[in-house]
2 protein chains.
Amino acid sequence: MPRKTTTTDRRIQKSKMALQESLLSLMQTNDFKEITITDIVLRANLNRGTFYKHYQYKEELLDEIVDDVITDLIASYREPYQHTDTFALKDLTSSAIKIFDHVEKNATFYTLVMKSRALSGFQIRIGNELKQLALQDLDNWQSNPDINYELYASYQAYAILGMIMEWIQDDYKYTAKYMAKQLLAFLQDRRMNTVYRTKRQMPHPTGLHQEGDRPDDIHAK
Amino acid sequence: MPRKTTTTDRRIQKSKMALQESLLSLMQTNDFKEITITDIVLRANLNRGTFYKHYQYKEELLDEIVDDVITDLIASYREPYQHTDTFALKDLTSSAIKIFDHVEKNATFYTLVMKSRALSGFQIRIGNELKQLALQDLDNWQSNPDINYELYASYQAYAILGMIMEWIQDDYKYTAKYMAKQLLAFLQDRRMNTVYRTKRQMPHPTGLHQEGDRPDDIHAK
DNA sequence: TTAAATAATGAACATTTGTTCAATAAAATT
DNA sequence: AATTTTATTGAACAAATGTTCATTATTTAA
């Protein structure tokens, strides 16, 4: 009969910790692609079988590390909401703004993951191309000296990439024409800067941190 | 003395073609991660050494396939500019809009690359998390029934991711505070919808298609 | 504190990878 | 058409991967 699994075995925790730290430290000096499982377990001082007991491949190990960063990202984003009872533009923007603090705090990690080719370059390449295209356009439009047009180009480029990602994940359930109209609507709609609403409970839909989450009242209306 | 390399050897072209087609067809049924070099060359009917003569790993082969898609992306984006001499909002938006046609045209490929875990999930995960966060906010603001807030959330989420990517690639040369201010400025600045400018020459800064590119007059002022 | 449960180990194994090299085939140049 | 250049082949190789299994060590639950 299997035991009722209340907490994870400390041996597992230790092993996973050692593996995570080993990978992170190897990534400081080596390209992710070049790091072997053997490298990781050697530095972690563990048997190779132990790695394979917990993960299929190193990407899975990296994913677990990413979990922690994302948890922190969410916490950062939520933080401004803690101190107020109503939504205001101030809250909305300041929570978005907290994300930059979070990235800065985890700068080492972000650089590591983004630059170390841990992710295949496809999205980055698409992003960069779109940015170049946007930049050429903006060249002809830019007039406001307070705006950093390199940043703005990247902002616009990834915004469109975001629409595309959503579109793909929904199996192209919209037409290209509909997508285009939505984009125009996004660029034109300014209303949200003026409306005020009352704050609601905020469930956490991602299921990332199952552990500490109380069920709360999801259906608050 | 080395020969003057004017065109690529037909044998190379054939081999590369066979490898590309092989990989694409394998990706229809198999997870990218699971496809081995041996699988690829078997289906391509080539020696394994031939693969390694041209590529280091399968990601590099995929990159070359991506090149073609990106070339088409750029062409699609540029297309609206071909028929006009001045920039207007109409051009700007219609060129952005052509991107959706391009994606729809290459839907099979996009789905393949985005869903087949060809890219490690990091960017997708960050994107999705940011989207969820944006969505919760928008829940409290949405008022315009013409706007698809799922799409809009993804749009906003990736827009911020775009700023972050730019920030990282520039080695955090701005402060978090500066990033935040820029974001606010982007959300508020509406000017570009009203300004008109004259059209300029458009160089192609990516170096993607070295082959067919005539040098032209890049420095046209 | 003891017994049961289970994680980690080390060794062995077939497979796959990445690399080399001389022989052969195909293409480009003259 | 003949010759030079170069890509592909096939075979062989060490190294790394992924998997297994009985043994040992550690942790948990009673």
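Since the structure is predicted, the reported quantities are computational estimates derived from the model, not experimental observations. Residue numbers start from 1 in every chain, and the chains themselves are labelled A, B, ... in the order their sequence lines are given, proteins ahead of strands.
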Using atom types as modelled and distance alone, determine if a side-chain donor or acceptor of A/Asn148 lies under 3.5 Å from a backbone N or O of A/Leu151.
yes
Look at the side chain of B/Ser76 and the backbone N and O of B/Ile99, then say whether any donor-acceptor pair between them is shorter than 3.5 Å.
no
Please state how far atom NZ in B/Lys58 lies from atom C1' in C/dT16, giving the value in whole angstrom units.
12 Å
If you assign each of B/Ile37 and A/Gln13 to its closest nucleotide in DNA chain C, which residue comes earlier from the 5' end?
A/Gln13
Tell me the interatomic distance from A/Leu19, atom CG, to C/dA7, atom P, rounded to whole angstroms.
15 Å
Round to a whole Å and report the spacing from CZ of B/Arg10 to P of D/dT8.
13 Å
Main chain of B/Thr8, side chain of B/Gln13: is a donor-acceptor contact present, judged purely on distance under 3.5 Å?
yes
Keeping A/Asp72 on the side-chain end and A/Val69 on the backbone end, is there a donor-acceptor pair under 3.5 Å?
no
Can you tell which of C/dA8, C/dA27, D/dG18 lies closest to the side chain of A/Leu46?
C/dA8
note: A/Lys33, atom NZ; D/dA16, atom P; distance rounded to Å ~ 15 Å
Considering only heavy side-chain atoms of A/Arg48, the closest of D/dT8, C/dA12, C/dG18 is C/dA12
Side-chain atoms of A/Lys14 come closest, of D/dT27, D/dT9, C/dG18, to D/dT27
Could you work out which one of C/dA8, D/dT8, D/dT17 sits closest to the side chain of B/Thr50?
D/dT8
Proximal nucleotide (of C/dA8, C/dA7, D/dA7) relative to the B/Asp9 side chain:
D/dA7
Against the side chain of A/Arg11, the closest entry in D/dG18, D/dT8, C/dA8 is C/dA8
Identify whether any heavy atom of A/Lys16 sits under 4.0 Å from a base atom; if not, whether one sits that close to sugar-phosphate; answer base, sugar-phosphate or nothing.
nothing
Rounded distance in Å - NZ (B/Lys53) to P (C/dA22)
13 Å
C/dA28 phosphate, OP1 or OP2, under 4.0 Å from B/Thr7 side-chain N/O:
no
In terms of side-chain heavy atoms of A/Tyr52, which of D/dA7, D/dG18, C/dA8 is nearest?
D/dG18
How many whole angstroms separate atom OH of B/Tyr55 from atom P of C/dT19?
16 Å
Between C/dA8, C/dG10, C/dG18, which nucleotide has the shortest distance from any of its atoms to the side chain of A/Ser15?
C/dA8
Output the rounded distance in Å from CG (B/Asn47) to C1' (C/dA26).
15 Å
Reckon B/Thr36 has a side-chain N or O less than 4.0 Å from the OP1 or OP2 of C/dT17?
yes
Give a yes or no on whether the backbone of A/Ile40 and the side-chain of A/Ser22 come within a donor-acceptor separation of less than 3.5 Å.
yes
Just how far, in rounded Å, is P of D/dA16 from OH of A/Tyr57?
22 Å
Describe, in one word, how the ring planes of A/Tyr152 and B/Phe186 are oriented to each other, choosing from parallel (under 30°), tilted (30 to 60°) and perpendicular (over 60°).
tilted
If you compare every side-chain N and O of B/His54 against the phosphate oxygens of D/dA7 (OP1, OP2), does one of them come in below 4.0 Å?
no
